[in-house]
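Throughout, residue positions are numbered sequentially from 1 according to the sequence presented. Any value given below was found using the heavy atoms of this structure, including those in side chains, with hydrogens, waters and symmetry copies removed.
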Amino acid sequence: SDEIEQMQKDAEANADADKERREAVDKRNAADQMVYATEKSLAEHGDKLSEEDRKPAEEALEAAKKALEGEDQATIDAAVETLQTASHKLAEVVYADAQAQQPDGEAEQQAAPQGEDTADNDRDKKDKRGDAVDADYEAV
């Protein structure tokens with residue numbers, strides 16, 4: 001029982017430090033995700049940017065990667081902020097490409113489920129008919 005009380009006291013004492021560590025980890029994960037997303041976007045859409053728009057994004061990306069190699073949260077935050085600003089033009093190009101491709105993507109997604117529904121409905125109709133036979137009826 002004394003051990004449990006001591007553990008609770010330790011946990012309470014460390015709660016603030018734990019919270020700060022969690023926030024730092026969350027910020028770091030967000031920075032990692034932004035670096036990954038920017039790299040991916042540059043690889044896929046970078047050729048559509050002018051040199052003057054692409055170069056700052058590439059430089060900010062490298063700076064953010066370098067900041068993430070260290071532990072200084074202020075440096076990481078500053079690098080991420082610079083990356084967000086520098087990659088703004090890239091985001092516009094990615095968004096424009098997504099908008100241009102969207103109608104085709106929606107049509108393909110909708111076609112498949114409707115096709116499946118039709119097949120299911122046909123099978124259901126056959127099952128419900130059972131052994132019924134269509135025949136001409138003639139009154140005598």
Side-chain angles (χ1 to χ4, degrees):
S1 176
D2 288 342
E3 285 181 35
I4 293 173
E5 284 178 31
Q6 186 59 44
M7 288 172 60
Q8 286 174 334
K9 286 179 184 173
D10 289 345
E12 288 169 12
N14 292 323
D16 288 339
D18 288 346
K19 184 179 177 189
E20 286 177 25
R21 277 194 295 270
R22 264 197 307 276
E23 286 173 0
V25 167
D26 289 345
K27 282 183 172 184
R28 188 176 199 85
N29 287 341
D32 277 334
Q33 289 172 348
M34 174 162 251
V35 165
Y36 172 77
T38 304
E39 271 183 326
K40 187 173 183 230
S41 295
L42 274 171
E44 293 175 8
H45 306 280
D47 58 334
K48 296 177 181 121
L49 285 174
S50 67
E51 181 68 23
E52 69 183 52
D53 288 332
R54 188 175 65 244
K55 194 168 173 58
E58 290 173 341
E59 289 172 354
L61 179 63
E62 291 308 311
K65 284 179 171 180
K66 193 170 183 93
L68 282 166
E69 290 173 9
E71 295 297 321
D72 184 29
Q73 192 59 49
T75 303
I76 293 170
D77 291 347
V80 167
E81 196 172 315
T82 302
L83 181 59
Q84 284 177 322
T85 304
S87 62
H88 185 71
K89 276 286 185 199
L90 178 61
E92 289 175 9
V93 171
V94 171
Y95 181 76
D97 278 1
Q99 291 298 97
Q101 294 171 7
Q102 194 170 3
D104 295 340
E106 284 181 359
E108 287 172 22
Q109 288 175 351
Q110 289 175 355
Q114 288 172 350
E116 291 170 14
D117 288 346
T118 304
D120 289 344
N121 289 343
D122 288 348
R123 189 169 52 248
D124 289 346
K125 287 177 189 167
K126 288 177 190 165
D127 291 345
K128 289 176 186 166
R129 276 187 291 214
D131 297 323
V133 176
D134 287 338
D136 290 334
Y137 175 75
E138 199 174 300
V140 180

Heavy-atom nearest pair, A86 first then A57, reads O-CB, 3.7 Å

inquiry  = Take a 6.0 Å sphere around NZ of K48 and say whether it holds more than 12 heavy atoms from other residues, nucleotides or ligands.
reply    = yes

Would E69 and K66 pass as an ion pair if we require N to O under 4.0 Å? no

dist N14:CG -> R21:CZ (nearest 0.5 Å) comes out at 6.5 Å

Just checking E23: does its CD atom have more than 12 heavy atoms from other residues, nucleotides or ligands closer to it than 6.0 angstrom? yes

Audit row: I76, K27, side chain to side chain contact (heavy atoms under 4.5 Å, CB included) steps and yes/no = CA-CA 9 Å; I76 293 170; K27 282 183 172 184; over 6 Å; no

**Request:** Ignoring hydrogens and angles, tell me if any N or O in the side chain of R54 forms a donor-acceptor pair with the backbone of D47 under 3.5 Å.
**Result:** no

What one should report as the nearest heavy-atom pair of A63 and A79 is O-CB, 4.1 Å

Separation between CD (E12) and CG (D18), nearest 0.5 Å, reads 12.0 Å

Which of E58, E51, E52, E59 passes salt bridge (Lys or Arg N to Asp or Glu O under 4.0 Å) with K55? Answer is E59

dist L68:CG -> T75:OG1 (nearest 0.5 Å) comes out at 10.5 Å

dist L49:CG -> L90:CG (nearest 0.5 Å) comes out at 5.5 Å

* Asked: Do you see a donor-acceptor pair shorter than 3.5 Å between the side chains of D10 and Q6?
  -> yes

Rounding to 0.5 Å, atoms OG1 (T38) and CG (L83) come to a distance of 4.0 Å

So, D77 and Q73: side-chain donor and acceptor under 3.5 Å apart, yes or no?
yes

To the nearest 0.5 Å, atom CE of M34 lies from atom OG of S41 at 9.5 Å

Worksheet entry | Test item: E92 and H45 side chains (from C-beta on) under 4.5 Å apart, heavy atoms | no

